[in-house]
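Computed from a prediction, not measured in an experiment: that's the story for all the values here.
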Amino acid sequence: MFNRLLIVCIGNICRSPTAEYLFRQRLATRDIQLSSAGLGALAGHPMDATALQLLAEHDIDGTLHRARQLTPAMLRGADLVLGMEKSHVAAMTRLAPEASGKIFLLDKWLQGRDIPDPYRQQRVAFEHVYGTIAQGVESWLRYL
């Protein structure tokens with residue numbers, strides 16, 4: 001049983017908070033702790049404005065999010081950790097090798113692909129990434 005889910009990307013202002021808030025919406029009735037962090041987080045920053053806008057358009061409020069730097073303790077404390085890219089999975093495994101058995105790609109159950117970083121790109125890139133993240137979130141629900 002997964003009680004503590006951690007989602008990770010680089011800056012923790014676009015992809016991982018989007019996934020975190022999508023999981024929050026889908027798992028609202030479940031007792032699962034959801035959080036996100038970044039390998040190179042823009043600590044303390046709010047979610048990217050375009051990512052926030054896309055969530056709002058789907059009736060999800062992400063305004064309380066503040067980016068956090070990933071630590072080995074976060075990886076050890078989570079029951080399941082989901083990264084956006086294969087390189088993120090590798091970096092997390094190096095950061096906390098003892099957690100490697102619970103670190104996976106968000107896209108694991110689909111095509112096992114990297115979810116690209118939309119940071120500083122046009123809205124169309126954010127829309128594509130939002131759709132890919134939403135599919136990844138849906139694919140994990142049956143296992144949670």
Considering only residues two or more places apart or on different chains, which pairs with a residue in residues 58-72 satisfy salt bridge (Lys or Arg N to Asp or Glu O under 4.0 Å)? none

Give a yes or no answer on whether the side chain of Q33 reaches the backbone of L5 with a donor-acceptor pair at less than 3.5 Å. no

The test is side chain to side chain contact (heavy atoms under 4.5 Å, CB included); show your working for F126 and D48 and say whether it passes. CA-CA 10 Å; F126 279 86; D48 177 272; 3.2 Å; yes

Angle class for the W140/F104 ring planes (parallel below 30°, perpendicular above 60°, tilted otherwise)? tilted

Counterpart residues, side-chain contact (heavy atoms from CB on, under 4.5 Å), relative to Q121 (two or more places apart): A125

So which pairs with a foot in residues 101-112 pass salt bridge (Lys or Arg N to Asp or Glu O under 4.0 Å), sequence neighbours left out? D107-R113

List in chain and number order the residues that pass side chain to side chain donor-acceptor pair (under 3.5 Å) with S87, two or more places apart in sequence or in another chain; answer none if no residue qualifies. E85

Residue pairs passing the ring pair (Phe, Tyr, Trp, His ring centres under 6.0 Å) test with at least one member in residues 21-50, sequence neighbours excluded, are none

Kindly list each side-chain donor-acceptor pair under 3.5 angstrom involving residues 93-101, sequence neighbours excluded, with atom names and distances?
from	atom 1	to	atom 2	distance (Å)
T93	OG1	V89	O	2.9
E98	OE2	R76	NH1	3.0
S100	OG	P97	O	3.1

Do the side chains of L22 and L80 join up, straight or via other hydrophobic residues, at under 4.5 Å, putting them in one cluster? yes

Working to the nearest 0.5 angstrom, can you tell me the gap between T18 OG1 and M47 CE? 5.5 Å

Tell me if a side-chain donor or acceptor on R26 pairs with a main-chain N or O of L141 at a distance below 3.5 Å. no

Measuring from atom CD1 of I7 to atom CG of N12, what distance do you get when rounded to the nearest 0.5 angstrom? 9.5 Å

